[in-house]
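Below is one structure, written out as structure tokens, with a few remarks after it.
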Amino acid sequence: MTAFTLPALTLATSCPRDADVVIVGVAESAGAPVLVGVPDEVDQRAAKLYGRPLLKVVRDLGAEARPGGTVTLAGADGVRIIAVGLGETDVTPEQVRRAAGTGVRAAAALAGDRPLHVALCLDAVEPEVVKGAAEGALLGAYRFVKLSGKEPKPAIGSVTVVSSSAKPEARRAVEVARTVATAVCLARDWVNTPANVLYPETFAEAAKTAAKGTRIDVEVLDDKALERGGYGGLTAVGGGSSRGPRLVRFGYAPRGAKTHLALVGKGITFDTGGLNLKPSEGMYTMKCDMAGAAAVLAATRAIAQLGLKVRVTAYAAMAENMPSGTAYRPSDVLTMYGGSTVENVNSDAEGRLVMADALARAGEDSPDLILDVATLTGACMVALGERVAGLMASDDAAADHVLDAAESAGEAFWQLPIPDGTRKKLDSKVADLRSGGNRYGGALTAAAFLHHFVPDGTPWAHLDIAGPAFNDDGPYDYVPTGGTGMAVRTLVALAQSLQS
């Protein structure tokens with residue numbers, strides 16, 4: 001498995017002379033389009049080349065302020081100019097992040113035999129806007145490295161973010177952006193890797209490798225240790241596969257940290273549905289069912305690399321859900337970590353079972369907040385679509401904290417309730433609870449099930465990223481086809497907000 005290598009990233013106060021591509025913005029001001037961030041020398045040379053102002057040239061080619069649109073034209077001296085829609089002139093970091101990603105993707109399409117040097121000129125000044133520009137550019141440059149004997153040729157070799165601010169805060173913003181983007185791309189790589197290459201054992205090894213050089217302690221429980229420890233969810237779900245389950249624990253405890261955040265991620269490396277076998281068309285993309293585990297592990301790595309003053313303990317519950325003579329069955333009663341018994345309703349609702357074990361274990365660490373991330377339910381996709389993730393929580397304070405972090409990070413979450421009476425749907429005649437209810441409110445019922453395994457009084461939030469974790473509709477903004485790295489940026493932003 002070859003990891004994607006990010007382009008070199010620098011901050012400059014002027015447009016580099018050796019840039020192959022210059023990306024500028026088109027924004028709307030007082031109802032009319034204006035160019036944003038165009039370097040004077042680029043503007044003057046283009047006007048001389050075309051005999052009219054650059055704004056008129058790009059408008060004649062169809063440039064609009066509408067986000068997502070691009071126009072490409074040749075500038076002087078072989079430099080190409082890409083004008084990308086920004087929206088309103090009073091931009092947010094997320095608007096700039098999206099425009100930067102769109103522009104860099106358009107630049108990548110121009111690459112030939114050598115990697116391009118891209119200058120990003122979007123008039124980013126404030127540190128958060130600079131960070132957004134840098135993140136968008138790096139994330140827009142992402143390409144999954146094919147499993148091939150051919151040496152991949154990167155399209156984008158380097159990116160220069162042009163900003164009039166050379167303050168330390170702006171330079172720090174670029175450094176943070178690179179660390180966060182690296183984490184997102186790591187999660188994308190893991191999600192995109194085929195399940196015959198990335199399965200519980202190799203995923204656990206990849207996690208250990210990712211933690212090297214950081215202050216993260218790593219513990220891995222294999223199938224035998226999980227059985228001895230009473231992890232009934234992981235051993236049941238993983239029991240149908242020849243590849244045994246794993247539980248990976250990342251521990252990051254910097255000196256001076258006063259807040260303890262626990263992260264739990266669903267790591268189903270492939271989901272056939274088990275004995276409740278999925279239809280073939282619904283199975284093809286199920287290598288992405290470990291996106292929650294990828295997010296929490298990659299985010300914890302970034303948190304450690306940034307040296308944030310918050311203690312983080314992350315659990316990645318890894319298993320492969322396969323049908324076989326040793327697979328668990330509907331109606332089986334499982335004894336979970338901590339002693340609760342669960343009547344299995346549907347072997348294709350396996351994620352909540354491995355998460356239950358990990359949540360119960362995480363609760364023993366007495367964290368101040370537990371946050372779990374999972375591609376958990378199709379019901380959440382039905383409710384919110386493919387680009388918005390669901391958020392359910394023990395209380396509004398926990399939900400608000402996560403929503404604030406998500407807004408800061410530029411990721412889309414929508415809070416859903418866990419109404420009174422939802423837990424009643426999980427009552428069982430043969431065990432402490434059932435793993436599912438009826439067909440209505442499936443995302444809410446799944447959240448109620450998970451909440452059962454969180455210690456009483458511990459703030460908790462659940463992120464159902466089933467929709468936006470994997471993109472099948474073609475690239476847009478800074479989002480590629482395939483794994484998206486959803487939730488990594490939110491988790492890092494949450495840790496930043498919890499620092500001592």
Mind listing the side-chain donor-acceptor pairs of residues 306-314 below 3.5 Å, one per line with the distance, residues two or more places apart or on another chain?
from	atom 1	to	atom 2	distance (Å)
K309	NZ	R255	O	3.3
T313	OG1	H260	NE2	2.8

Side-chain atoms of residues 132-142: list all donor-acceptor pairs with protein atoms under 3.5 Å, sequence neighbours left out, distances to 0.1 Å.
from	atom 1	to	atom 2	distance (Å)
E135	OE1	R97	NE	2.9
E135	OE1	R97	NH2	3.2
E135	OE2	K131	NZ	2.7
Y142	OH	D189	OD1	2.7
Y142	OH	N192	ND2	3.1

Sequence neighbours excluded and cut-off under 3.5 Å, please list the side-chain donor-acceptor pairs for residues 226-236, or say none.
from	atom 1	to	atom 2	distance (Å)
T235	OG1	Y231	O	3.0
T235	OG1	G232	O	3.4

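For the pair R301 (side chain) and A210 (backbone), a donor-acceptor distance under 3.5 Å is present. A donor-acceptor pair under 3.5 Å is absent between the side-chain atoms of T375 and the main chain of A466, judged by distance alone. N471 places a side-chain N or O within donor-acceptor distance of the main-chain N or O of G474, the cut-off being under 3.5 Å. In this structure a side-chain-to-backbone donor-acceptor pair under 3.5 Å is present from T182 to R178. In this structure, S241 contributes its side chain and G238 its backbone to no donor-acceptor pair below 3.5 Å. Of the possible polar contacts, none joining the S408 side chain to the D404 backbone as a donor-acceptor pair under 3.5 Å is found. Here the side chain of R352 pairs a donor or acceptor atom with the backbone of S435 at under 3.5 angstrom. Remark: side-chain polar atoms of T326 are paired, donor with acceptor, to backbone N or O of G239 under 3.5 angstrom.
Sorted by first then second residue, the side chain to side chain donor-acceptor pair (under 3.5 Å) pairs that include residues 477-497, not counting sequence neighbours, are E94-Y478, H401-S497, E411-T490, Y478-R489. A salt bridge (charged side-chain N to carboxylate O under 4.0 Å, His left out) check over residues 266-277, counting only residues at least two apart or in different chains, returns the pairs K266-D289, K266-E350, D271-K278. Residue pairs satisfying the salt bridge (charged side-chain N to carboxylate O under 4.0 Å, His left out) criterion with at least one member in residues 443-464, sequence neighbours excluded, are absent.
Of all heavy-atom pairs between F453 and V342, the closest is CZ-CG2, 3.9 Å. For the pair T214 and A304, the tightest heavy-atom approach, listed with the atom from each and the gap, is CB-CB, 4.3 Å. Across A195 and T269, no two heavy atoms sit closer than the pair CB-O, 3.6 Å. The two residues P245 and A319 come nearest to each other via the heavy atoms CB-CB, 4.0 Å. In terms of heavy-atom proximity, A389 sits nearest to M486 at CB-CE, 3.9 Å. Residues T102 and G68 share a closest heavy-atom pair of CG2-O, 3.7 Å.
Note that CG of D420 is 13.0 Å distant from NZ of K424, once rounded to the nearest 0.5 Å. In this structure, CZ on F144 lies 12.5 Å from SG on C185, to the nearest 0.5 angstrom. Rounding to the nearest 0.5 angstrom, the gap separating the CG atom in D427 from the CD atom in E343 is 11.0 Å. Taking CZ from R434 and NZ from K429, the interatomic distance works out to 9.5 Å, rounded to the nearest 0.5 Å. Rounded to the nearest 0.5 Å, atoms CZ (R243) and OH (Y199) are 5.5 Å apart. Of the inter-residue distances, the one linking L391 atom CG with I465 atom CD1 reads 12.5 Å to the nearest 0.5 angstrom.
Partners of S347 according to the side-chain contact (heavy atoms from CB on, under 4.5 Å) rule, which considers only residues two or more places apart in sequence or in another chain, are N276, Y328, P330, N344. In this structure, T285 has no side-chain hydrogen bond (donor to acceptor under 3.5 Å, both in side chains) partners at least two apart in sequence or on a different chain. Listed by chain and residue number, E169, A173 satisfy the side-chain contact (heavy atoms from CB on, under 4.5 Å) test with P127 (two or more places apart in sequence, or in another chain). Every side-chain hydrogen bond (donor to acceptor under 3.5 Å, both in side chains) that R249 has, sequence neighbours left out, goes to Y315. For H452, the side-chain hydrogen bond (donor to acceptor under 3.5 Å, both in side chains) test picks out S340, with sequence neighbours left out. For E175, there are no side-chain hydrogen bond (donor to acceptor under 3.5 Å, both in side chains) partners, not counting sequence neighbours.
Just one residue in the list L416, L463, D372, L450 forms a side chain to side chain contact (heavy atoms under 4.5 Å, CB included) with M392, and that residue is L416.
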*May I have the step-by-step check of side-chain hydrogen bond (donor to acceptor under 3.5 Å, both in side chains) for Q305 and Y252, ending in yes or no?*
CA-CA 10 Å; Q305 289 175 327; Y252 169 65; over 6 Å; no
_Evaluate L334 against L353 for side chain to side chain contact (heavy atoms under 4.5 Å, CB included), listing each step before the verdict._
CA-CA 9 Å; L334 313 175; L353 299 177; 3.9 Å; yes
*In sequence, state the C-alpha distance, the side-chain angles, and the governing distance for V373 and H462, and then conclude on side chain to side chain contact (heavy atoms under 4.5 Å, CB included).*
CA-CA 6 Å; V373 187; H462 160 59; over 6 Å; no
*Does the pair T202 and V197 meet the rule for a side chain to side chain contact (heavy atoms under 4.5 Å, CB included), with working shown?*
CA-CA 7 Å; T202 57; V197 178; 5.9 Å; no
*asked:* Could you walk me through whether N321 and F270 satisfy the side chain to side chain contact (heavy atoms under 4.5 Å, CB included) test, starting with their C-alpha distance in whole Å, then the side-chain angles of each, then the deciding distance to 0.1 Å, before giving a yes or no?
replied: CA-CA 6 Å; N321 190 24; F270 196 79; over 6 Å; no
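A side-chain donor-acceptor contact under 3.5 Å links D432 and T341. In this model, no donor atom of one side chain and acceptor atom of the other lie less than 3.5 Å apart for W460 and D395.
Side chains of H451 and S394 form a contact here, defined as non-hydrogen atoms less than 4.5 Å apart. At least one side-chain heavy atom of L491 sits less than 4.5 Å from a side-chain heavy atom of V296. Looking only at side-chain heavy atoms (C-beta outward), F203 and W190 come within less than 4.5 Å of each other. Using a 4.5 Å cut-off on side-chain heavy atoms (C-beta onward), P367 and L261 make no contact. Looking at heavy atoms from C-beta onward, E386 lies in side-chain contact with D473 at the 4.5 angstrom threshold. Using a 4.5 Å heavy-atom cutoff, the side chains of N438 and K425 are in contact. Side-chain contact between D365 and R361: present, with at least one pair of heavy atoms (C-beta onward) separated by less than 4.5 Å. Residues V191 and R188 are not in side-chain contact: their nearest non-hydrogen atoms beyond the backbone lie 4.5 Å or more apart.
By the neighbour-count criterion of 12 heavy atoms within 6.0 Å, atom CD of Q499 is densely surrounded, having more than that number from other residues, nucleotides or ligands.
Annotation: cation-pi geometry satisfied between R387 and Y476 (NZ/CZ under 6.0 angstrom from ring centroid, within 45° of ring axis).
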